[in-house]
Every structure is written in C-alpha cells, then in structure tokens.
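Down below is the structure, laid out as structure tokens.
Labels below follow one simple rule: chain letters A, B, ... track the order of the sequence lines, proteins then strands, and each chain is numbered from 1. Being a predicted model, the structure only gives us computed values, none of them experimental.
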2 protein chains.
Amino acid sequence: MAATIHDVAREAGVSASTVSRVLNGSAPVNEEKRRRVLRAVEKLNYRPNALARSLKKKRTHSIGLIVPDITNPFFAEVAKGVEDVAREYGYTVILCNSENDPARERTYLNVLQEKQVDGVIFVTAGANEGDRVGRLERGIPVVMLDREIPGIPADAVLVDNEEGAYEAAKHLLALGHRRIGIITGPLLLSTAEERLEGYKKAMREAGVPVKPRLVKDGGFTFQGGYAAMHQLLEGGNDLPSAVLASSDIMALGAMKAAEERGLRIPQDLALVGFDDIMVASLVKPALTTIAQPKRQMGQLAVEMIVERLERGRRRAKRVLLRPKLVVRESCGSGRRSDGA
Amino acid sequence: MAATIHDVAREAGVSASTVSRVLNGSAPVNEEKRRRVLRAVEKLNYRPNALARSLKKKRTHSIGLIVPDITNPFFAEVAKGVEDVAREYGYTVILCNSENDPARERTYLNVLQEKQVDGVIFVTAGANEGDRVGRLERGIPVVMLDREIPGIPADAVLVDNEEGAYEAAKHLLALGHRRIGIITGPLLLSTAEERLEGYKKAMREAGVPVKPRLVKDGGFTFQGGYAAMHQLLEGGNDLPSAVLASSDIMALGAMKAAEERGLRIPQDLALVGFDDIMVASLVKPALTTIAQPKRQMGQLAVEMIVERLERGRRRAKRVLLRPKLVVRESCGSGRRSDGA
DNA sequence: CTGTTAGCGCATTCAC
DNA sequence: GTGAATGCGCTAACAG
C-alpha cells in the first residue's frame, strides 16, 4: 500500500499538518522537524495523493482537450502546443478523440466535468453543443479552438479563415485562373463556411461568377477530397483549371484523384491547400498552402484557461490569428496551359 | 456551486446513501424513492464528483500514455488506438509528451503516480528508467510499448523488429542490391538495435559483409535521416545502391537528401522505410516500407492493463506482433504499387 | 511554530 | 430497504 501523509507523520514524529506544511511550504516549520519529515518522505518513498488534494482544494490541475481526430496532423500539432504549455504551468491534459461523433463529444463533455477538470479546450465536430457548452461554461472555463459555436460567450482561439481562403483564391486569380473550383469542409463548421466565404469574396472582387458546380464538399477528409476532386473533374467541359482545397488532407486526396485522371499538377491543374501540415512540403509537387499557427493555437488556448484560473479574468476573449500563404510548387509559375 | 449528493438527497427527501444506491445500482431501492432521486438529479443537474468517488474506491479510471512526440504519425496512430479502447472500457487517457527528454519522462512518471492513474502505457525515450519503472510497476500496471527496458518484468507490446528489418533487407537483396546502407535509430533503443540486427542477419545470410561506413544513426527524426543520407552519399566511390531507413520519417528525410544529390529513386537508389505511416503512400515515389500494426498496438496495451485491473492477471505478458512488408515504388521492384 | 479538528464528496459498512 | 456513521488522504482553520 502506498504511504500516506500520516505514515510520514508517524515516521517523522510530527503531525500530518506539519508534513503538509513542509511539503507545500505553506507555513514555516522548525528546521529540525523539517529535516525529519524530508527524511521520512524519502524513506517511505512517499508521493502525495493528488486526488485527495484536489478534492480538498477544488483544483485538479488537469484540462481536457477534445479533438475530432488526433491522427490528423493538424490536431496533433495543436495537441502538442496544448500539452507543452500545460506542462509548463503544471497541468496535465486529458486527451479526448471525438471521432467527429456528436454523441462521443457529449459523453466526453460530461466525463470531463465529472473528473473536475479545470478547463476544456474544445475543437467541436460541429454538432449543436451550444447549450451543453454554455452550461458547462458557467462552471468551467471553455476555450473553443479552430471552430466556433455561435452565440455562446466562451473564449475562442481562431484563425482568420476568410482571409486565408481569400488570399489563396487571389493567388490563383493572379496566376490567371478563372475557372477555380473549391473543395469545402462540412459547411456546418464555421471554419469551412468562412473559407468558402473568402473564396467567394475573391471571386466577386475579380468579377468572376461563382459556379455552384465548382463547389464541392470534401468533409475535411482525405477520402472526401479525393471524391470531390473526381466530381469536379467529371463532365468533359467546364472543368476547373485550379482548385482550392479547404484543408491539406483534402488537397492530398484531390491530388491523387487528379493523378488518376491523368492530370499533371501544376501544368494541367493548379492546387492550393490549407493548414500547412508537414506532408504538404514533402509531396510532389510540394503543396502551396495557407499556413496556420497550429502549435501557437494550442499554446494560446491553455494560456487563456490559466488566465481565468489564476488571474481571475472574467470577460470572454476571442483571439483571431492570421494565416499565411506559403507558395510552393502546386500552382506553377503562373502560365496556365490552355491546350494541354 | 455544483450540486453534491447531499443536495440531491435533500431535494428527494432521502439519505445520501440511497442516492448513491440508485445512481450506482449497488443495492435495490424502493421504486417510488428511486423516481424521486432521478427527478432530483435531473432538476439539480447533478453530476457525481469523480474525484471523491476515486478517492473512496481507489480507482480513477484513467491511464497515462507517455510518448516521445504526439506529432509523429506513428505515435499519433498508437494514441488513437489507446484512446479508442480506453474509452470503450470507461477509461480516460492522460497524454504525456516526453519530447525525448528523460527528465520530462521522469516527471511524468511521478505525476501519473500522484494522480493515481490505474495504469501507464510507456513508450520510453530510452533513458534508463528501469528502476523507476520497476518501482512504479509494483503499484501500477505498466505496459511498455514499442520499446523495451531490459530486466524489468513489466508487460510489453512489441513488434518483431528484427524480423521486419530482415524482410526489408532481403527484399533489397532479392532485387540484386549488394551495397546496402542502413539508417538506424538511436541504438540505445531496443527497437533501433533490433532493426539493425535484422539487417545484419540478412546480409550475413546473403554472404554480404556489413560495412560500418554504410551504417549511420539517423536518430529517428526527419532531420537525422536527411543528414545520415547525405553522409552515406558522401565520398565518390563506395556508395550504396540501396538504403534501409529504420523509420518512415527518416526515409522521408533521406529522400530529400537523395533528391538534392540528384539521385533518382528508385532508378539510382532504392529506399525502404519502416512503420508505414500515411505519408508513405502519398510521397512520390510511394515508399516501400515495413508496416506496423500501430492502432492495434495501442489497443492491446490498454487491454493488457484492463486484464490486470479487472481480471486480476498477475504474470507479466509480452506480445510480439508481426510487421509486414508493403511493396510500393521506392525500390523499383517493378510490381504495382499498393495503397494499403 | 504546531497539533487538533473539521471537512472536501462520495461509497460502504453496520444497525435497524 | 434505508439512514447514520465512518473514512478515503489531504489541507485549512483554529487554538495554543
């Protein structure tokens, strides 16, 4: 059986409170007793029970992280940022994979609450968890990350998706493209919606009409991007000369589809992604994309929770980060081949 | 303030014990009171406090997962497997990124113990944590994953690395290569050591001497693989015609280096990886590699912990999974590439 | 400075 | 069936 604070107290010939005091430095303790306590701790290999402490102090020093899929490099990067500063502040992170399943998301929200986490970082799968989050939020700090739920006053760390997609589309337009397709994410996600908006805005400004036929939902997955690209490439005429994929993963799927159709990138088709995950620079041609500060997003989210917890901030805060166009090879130099 | 079991008891006009009984089904309760309790729970939006329960029951239903780097696709896949079955069994997972830092690893081992996790899944960075793990292991089930620490009786989920590397090398030999280089991981990791062994064994059997000059440590990182390949390619003569990289990440780095040297893969240089992460099938040429059952490894690890916890297993168990050669394009075998 | 007392919120005897 | 009492291991008053 693991030693308790009382065992240590007995071994050192002092009271449990004294042991607690030396271990937490919460009050001055006679030097002699202090040494005895430390020795006893050593001898018994004593480790305080964090459960008991948390129960008493009403602080668990743990935060929950809910993501749709940890194997998605975007979320893995975010998670790393989260874990990293959480550790610095003495917090532990509970990893929750929602698998894009609203039910699972809901379950986790409850579990985290029961486990008394000090805060939650929530990348929602888009289900309408507004009520639940709102209710939870009254007791526990919640930071929405990457995706917003409209109408709740929780903190949020977001990227200016409209701006990002706008830049991406403008890049394509500047290269002379006019028939530009877009593979969107699920439009119930603010993120996907905003990227579509940015695309439309750029098209509008350039005086190019947006054709519904060139807008396909790729569900933010590799498979979805693959299927969407095939759809875009169906029907002999009216084909896009460029495609904006709303995530790198989808861009990769799209690339595979284009390849299967015998299209060369960038000669026959220009392609832009979104996220800048590591693979983007590794594939051939290297993917031009909109980079997001993934690591930083995770870091900021933790800091926002700590601010509320340790510095008592009350007002909701919303951080909007700027994405950045990274030009690589998948859009070519700008001369679009008309004939090929 | 969150409602407690006493609030519910008062609201329902019963004792706290009764509330506990209906919530846990631990004893029969009068139907009428039962309804009243349930109603009260609803009304007060009561959530049991898992800390208090855990303190009492000495079970937290949480397990710790220590990995070197969650952004490494290999570990992300493992983590997904872990999370997935942990959730099924009602466990929560605490994510710990050691960043390959022994100090951090040590800290996490302690933190997990203090948080009273019911088990630990440990992918060690290779520091000699034997003592610590051994001591911990006496109180908490520990499963070593992917990497072993010799001499401790903990459970382990491993892959037959020697066999995998042996197959990889034989593949290269069968294609007629004789000057085969290897990029290893840090040799203090059992994993890296065993892969090197497999390579040597294949070479020996083929009667090809192993030249130290063709053995380079790539540290299991992209950068390391890149640097190692540059070293292998230095010095005009005595160059390898094929290279076995002990991880896909390193293979990718190696690919970049080869490219910089103007070498075409597979025409000028054959390359095999290890792991079969998603990117492997996406790069060009698609990477021939040794696939590991990543997801399954995570799943098994959790099951081994649950076995000890809920079915009282005592004897240490060691599972050795078989890796599998996946032939794609990077060795120019002429066979069709396969998507896996 | 230090020991004693009193909970944190729950599950579990133990009587009734 | 059910309530009262007890304690999980710890920290925080409260007296000295």
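With hydrogens and angles ignored, no donor-acceptor pair closer than 3.5 Å exists between the side chain of B:Ser26 and the base of C:dT12.
Protein atom CG of B:Leu55 is 12 Å distant from nucleotide atom C1' of C:dG7, rounded to whole Å. If you measure from atom NZ of B:Lys58 to atom P of C:dC10, you get 18 Å, rounded to the nearest angstrom. Remark: P of C:dT5 and NE2 of A:His6 are 12 Å apart, rounded to the nearest angstrom. Between the CZ atom of A:Arg35 and the C1' atom of C:dC1 there is a distance of 18 Å, given to the nearest Å. Distance B:Ile5 CD1 to C:dC8 C1': 14 Å, rounded to the nearest Å. Taking atom CG of B:Asn24 as the reference point, atom C1' of C:dT12 lies 11 Å away to the nearest angstrom. Atom CG in B:Asp7 sits roughly 10 Å away from atom C1' in C:dG9 (whole-Å rounding).
The nucleotide range of DNA chain D contacted by chain A, defined by atoms under 4.0 angstrom from heavy atoms of the protein and reported 5' to 3', is D:dG9 to D:dA13.
Of all non-hydrogen atoms in B:Asn97 and A:Glu83, the two that sit nearest each other are N-OE2, 2.8 Å.
Within 4.0 Å of B:Lys56, counting heavy atoms only, lies at least one base atom of the nucleic acid. The residue B:Thr18 sits close only to the backbone: its heavy atoms come under 4.0 Å of sugar-phosphate atoms, none of a base. In this structure, B:Thr4 reaches the sugar-phosphate backbone alone: every heavy-atom distance under 4.0 Å involves primed, P, OP1 or OP2 atoms, never a base.
Of the residues near DNA chain D, B:Ser15 and A:Lys57, the one whose nearest nucleotide (by heavy atom distance) lies more toward the 5' end is B:Ser15. Between B:Val14 and A:Ala16, the residue whose closest nucleotide on DNA chain D is further toward the 5' end is B:Val14.
A:Thr71 contributes no side-chain N or O that, together with a main-chain N or O of B:Ala76, makes up a donor-acceptor pair within less than 3.5 Å. Although no hydrogens or angles enter the test, the distance criterion places a donor-acceptor pair under 3.5 Å between the side chain of B:Thr107 and the main chain of B:Ala103.
The NZ atom of A:Lys57 lies 13.5 Å from the CG atom of B:Leu51; values are rounded to the nearest 0.5 Å.
A salt bridge links B:Lys317 to B:Glu307: one of the charged nitrogens lies within less than 4.0 Å of a carboxylate oxygen. Between A:Asp69 and B:Lys80 there is a salt bridge, since at least one side-chain N of the basic residue sits less than 4.0 Å from a carboxylate O of the acidic one. Between A:Arg295 and A:Asp84, none of the side-chain N atoms (NZ, or NE/NH1/NH2) sits under 4.0 Å from a carboxylate O, so this pair counts as no salt bridge.
Distances shown here put a side-chain N or O of A:Lys33 below 4.0 Å from the OP1 or OP2 atom of C:dT2.
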